[in-house]
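We use all heavy atoms of the structure for the numbers below, so side chains are in, but hydrogens, waters and symmetry mates are not. Proteins get letters first, then strands, A, B, ... in listed order; numbering begins at 1 in each.
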There are 2 protein chains.
Amino acid sequence: MAKRRTVSIRDVARESHASLTTVSLVLNRREGRISEETRNRVIKTADRLGYRPSRLAQGLQSQKSGLLAILVPQIRHAFADVYFGELISAIQETAAGRYQYKVLLEVANQDYIETKQYLELFHRHYIDGLLCLGVTNRDTYLRDFDHGRHPMLVVNNYLEDIKLNNVLCDYQQAGRLAGEHLVDLGHRKIALIYGATEVQTTADLRKGFEAALNRAKIKLPKKHTNDGLYTEEGGAVAAAALMKLDPSITAILAGNDKMAIGAISGLKSLGLRVPDDVSVVGCDDMHQAEFCDPPLTTVHTPLYEVGQRACECLMELINGQRDTLSEVHPVTMTIRKSTAPPKTTG
Amino acid sequence: MAKRRTVSIRDVARESHASLTTVSLVLNRREGRISEETRNRVIKTADRLGYRPSRLAQGLQSQKSGLLAILVPQIRHAFADVYFGELISAIQETAAGRYQYKVLLEVANQDYIETKQYLELFHRHYIDGLLCLGVTNRDTYLRDFDHGRHPMLVVNNYLEDIKLNNVLCDYQQAGRLAGEHLVDLGHRKIALIYGATEVQTTADLRKGFEAALNRAKIKLPKKHTNDGLYTEEGGAVAAAALMKLDPSITAILAGNDKMAIGAISGLKSLGLRVPDDVSVVGCDDMHQAEFCDPPLTTVHTPLYEVGQRACECLMELINGQRDTLSEVHPVTMTIRKSTAPPKTTG
DNA sequence: CTTACCTAGTAAAAGGTTTTATCTAAGCAT
DNA sequence: ATGCTTAGATAAAACCTTTTACTAGGTAAG
């Protein structure tokens with residue numbers, strides 16, 4: 001079981017009676033400098049020996065690691081969340097497929113942030129770029145990046161008082177579209193189940209939603225809003241509480257599909273029918289939204305596309321083709337069966 | 001915006017009037033060789049300059065990358081699956097927390113397998129070890145690993161005819177426990193909703209389940225089994241089909257919690273009550289199982305623990321403390337509200 | 001006084017690549 | 001015969017560490 005030494009470019013050079021330089025030039029397809037004959041000889045030898053250039057040596061030389069990292073917050077089952085899952089899939093596929101980049105997975109727990117591991121990642125040449133997911137306004141440590149020295153960008157969010165690169169969906173538009181849809185159907189008593197308030201896009205969603213309602217002279221009083229904690233259970237509880245507080249509510253927007261689905265089940269367990277008694281709108285348009293009962297009307301946020309673009313933009317930052325960027329993607333309504341005009345009350 | 005060169009060990013040596021070797025010795029805590037005075041001088045200088053050793057150079061020297069990869073199959077939303085999510089979380093946390101290892105995310109799509117990228121990962125010194133998730137009997141390419149030249153192991157599964165390292169739950173026991181639980185409750189007409197047949201652990205679950213039934217002189221005929229495709233929708237459809245084929249069924253085991261939850265909703269929509277009319281047992285004990293209606297009786301498979309152990313074992317393989325291994329973890333029943341004795345039919 | 005050993009430290013090699021600057025031989029013009 | 005150009009190839013430097021083998025100077029033992 002003699003662990004044979006890995007074959008290096010030196011071995012190829014020796015066995016093909018050429019110099020290091022020649023082998024390197026041939027293998028990196030620098031055209032025109034080497035004769036056809038030598039080229040073939042080198043390639044054949046490299047093949048025969050099974051030569052594979054070491055990423056470590058290449059990286060040391062080029063000062064590039066060929067790696068990017070995805071930083072996710074430490075949430076139980078962050079990796080089991082469709083939202084993150086969709087983004088991670090998009091990023092991984094784009095990085096691997098289009099750029100031959102590999103993806104590192106990092107979790108930002110308390111110690112990680114205190115010891116500034118996210119900077120270490122760059123300083124120790126682990127990565128060439130960083131994508132931050134699930135960022136909130138409380139993540140002030142991101143200020144360490146606002147000099148723009150390290151290629152990084154915030155995915156599907158932004159921070160109010162730190163200027164960072166980002167690619168995201170238009171959540172104000174999302175709120176507006178959802179609001180207009182419900183108003184157009186004739187609803188007047190409309191409620192909102194929001195997720196965490198420290199997430200900027202959530203604030204935007206609310207802003208857009210409220211603006212749409214206001215335009216139709218509808219208020220969004222405190223008793224018409226509730227926290228759904230971004231979870232199904234939270235959505236269920238929030239919906240029930242809202243209906244208890246004001247039984248005349250006829251429509252609810254939830255900040256994501258999970259809470260919307262929870263809300264539907266919460267309403268059902270109160271004996272209310274969706275959409276006959278109460279209409280429900282979600283946000284995200286995740287896979288499951290199509291298959292729940294009733295199929296969910298929701299705002300389609302192009303997450304896969306955002307993940308993909310985030311990766312592309314990060315590569316541009318890495319390659320210095322770009323300095324700073326902020327890209328906003330439009331959203332659309334996907335109308336299914338969970339919304340309908342309100343019952344004409346007598 | 002002059003991009004200043006990264007500070008190297010050479011800079012530290014120069015500024016602290018010591019040699020490269022001395023600096024390296026001090027910084028790597030090789031005790032005893034260097035005087036207290038020099039040591040302090042070096043440390044102070046390193047701090048002042050903000051020196052961070054380059055992982056690339058260290059890796060080149062040590063022939064270790066400090067990275068391990070998780071290989072997942074290309075399934076839509078593989079990263080949004082609680083099953084994979086739990087394993088990935090466990091692995092990532094263990095690798096980062098206990099070993100200062102970082103985790104690379106790889107997706108095994110067709111091209112990836114055909115071009116043997118999984119081997120390239122080792123040959124090009126990207127990684128020191130590999131963990132394979134979601135493996136099936138069709139993944140014959142894994143034969144490339146059976147020489148044991150590269151540290152790798154299969155997580156929560158195994159292959160019948162390829163001898164590989166693995167850490168997994170005892171799915172035969174899982175089937176047996178579920179079967180015994182239902183038999184003990186008095187059920188005689190029992191059905192199984194399985195996932196993909198090409199997954200070895202699924203076959204094991206069935207085997208253990210059937211053995212438990214047989215011991216009680218109960219058969220598991222073809223019409224009492226159905227494919228649930230590992231999804232909620234699949235579970236719903238499968239349950240409905242089973243009940244249509246044989247309305248006398250009083251209990252169902254589903255191969256995972258997702259299908260179990262689907263089965264419950266499928267049964268409900270047929271007007272059947274769970275557990276009053278039909279008992280349902282799941283497998284996995286994912287977070288959601290506790291919160292569905294009724295709370296799901298299920299086999300608890302210690303996924304987090306398995307992921308953690310997988311990581312630990314991989315590190316032992318990497319460090320040569322171990323050559324080959326196969327570790328099976330016991331499972332337990334978590335009894336909640338979705339199972340009950342069968343109705344005494346008049 | 002010689003030998004052996006210890007302490008504090010260093011020079012140089014090794015790890016594997018890419019790139020820059022240089023070299024050689026051949027062909028051609030002067 | 002000399003100088004210039006070019007194609008084809010190469011030596012050496014650079015990227016940054018860690019480790020091995022060595023040195024100089026001092027002390028203790030024989």
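Between the side chain of A:N165 and the main chain of A:M152, a donor-acceptor pair closer than 3.5 Å is present.
Remark: the A:T38 side chain and the A:S35 side chain contain an N/O donor-acceptor pair separated by less than 3.5 Å. No side-chain donor from either of B:S24 and B:T21 sits under 3.5 Å from a side-chain acceptor of the other. A donor atom on one side chain and an acceptor atom on the other are not found under 3.5 Å apart for A:Q308 and A:R98. For the residue pair B:Q117 and B:T115, a side-chain donor N or O sits within less than 3.5 Å of a side-chain acceptor on the partner. Between the side chains of B:Q200 and B:N137, at least one donor N or O lies within less than 3.5 Å of an accepting N or O.
Counting to the nearest Å, the P atom of C:dT19 and the CG atom of A:L27 are 13 Å from each other. Rounding to whole angstrom units, CD of residue A:E36 and P of D:dA9 are separated by 11 Å. The distance from atom CD1 of B:I9 to atom C1' of D:dC15 is 14 Å, rounded to the nearest whole Å. At whole-Å resolution of the value, CZ in B:R41 and C1' in C:dG9 are 11 Å apart. The nearest whole Å value for the distance from the CG atom in A:L25 to the C1' atom in D:dA7 is 13 Å. Atom P of nucleotide D:dA7 and atom CZ of A:R39 are separated by 15 Å, given to the nearest angstrom. When the P atom of C:dA14 is taken as reference, atom NZ of B:K64 falls 21 Å away, rounded to whole Å. Rounded to whole Å, atom P of C:dG15 lies 13 Å from atom CG of A:L20.
Comparing atom distances between the B:S24 side chain and each of C:dG16, D:dA9, D:dT18 picks out D:dT18 as nearest. Nearest to the side-chain atoms of B:R10 among the listed nucleotides C:dT17, D:dG8, D:dT17 stands D:dT17. You'll find that the side chain of B:N28 is closest to D:dT18, out of C:dT18, D:dT17, D:dT18. In this structure, the nucleotide among D:dC15, D:dT10, C:dT17 sitting nearest to the side chain of A:S8 is C:dT17.
The side chain of A:T38 places an N or O atom within less than 4.0 Å of a non-bridging phosphate oxygen (OP1 or OP2) of D:dA9. Look at B:Q63 and you won't find any side-chain N or O under 4.0 angstrom from OP1 or OP2 of C:dA14.
Pairs engaging residues 111-146 of chain B under the ring-ring contact (aromatic ring centres under 6.0 Å, His included) rule: B:Y118-B:Y141, B:Y118-B:F145, B:F122-B:H150, B:H123-B:H150 [sequence neighbours left out]. Residue pairs meeting the ring-ring contact (aromatic ring centres under 6.0 Å, His included) criterion with at least one member in residues 64-110 of chain A: none, sequence neighbours excluded.
Counting heavy atoms of neighbouring residues, nucleotides and ligands inside a 6.0 Å radius, atom CD of B:E37 does not exceed 12 of them. Counting heavy atoms of neighbouring residues, nucleotides and ligands inside a 6.0 Å radius, atom CG of A:D161 exceeds 12 of them. Counting heavy-atom neighbours within 6.0 Å of A:E114 CD, excluding the residue itself, gives a total above 12. Under a cut-off of 6.0 angstrom, the local environment of CZ in B:R76 is crowded, with over 12 non-hydrogen atoms contributed by other residues, nucleotides or ligands. Residue A:Q110 qualifies as open at atom CD: its count of foreign heavy atoms under 6.0 Å is 12 or below. More than 12 heavy atoms of other residues, nucleotides or ligands sit less than 6.0 Å from atom CG of B:D47.
Projected onto DNA chain C by closest heavy-atom contact, A:Q61 and B:Q61 fall at different nucleotides, the more 5' of which corresponds to B:Q61. Ranked by how close their nearest DNA chain C nucleotide is to the 5' end, A:L60 and B:T22 are led by B:T22.
Contact annotation for B:S62: no contact, since no heavy-atom pair falls under 4.0 Å across all strands.
Ion pairing of A:D11 with A:R14 is present here, as a side-chain N (NZ or NE/NH1/NH2) and a carboxylate O approach within less than 4.0 Å.
The rotation axes computed at either terminus of the helix from C:dC1-D:dG30 to C:dT30-D:dA1 lie 80° apart, taking five pairs at each end and rounding to 10 degrees.
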Identify the pairs formed between an N or O of the protein and an N or O of nucleotides 21-25 of chain C at a distance under 3.5 Å, and give each distance.
none

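Sorted by residue number, the list of members of residues 115-126 of chain B with any non-hydrogen atom under 4.0 Å from DNA chain C is empty. Scanning residues 47-59 of chain A for heavy-atom distances under 4.0 Å to DNA chain C yields A:Y51, A:R52, A:P53, A:S54, A:A57, A:Q58.
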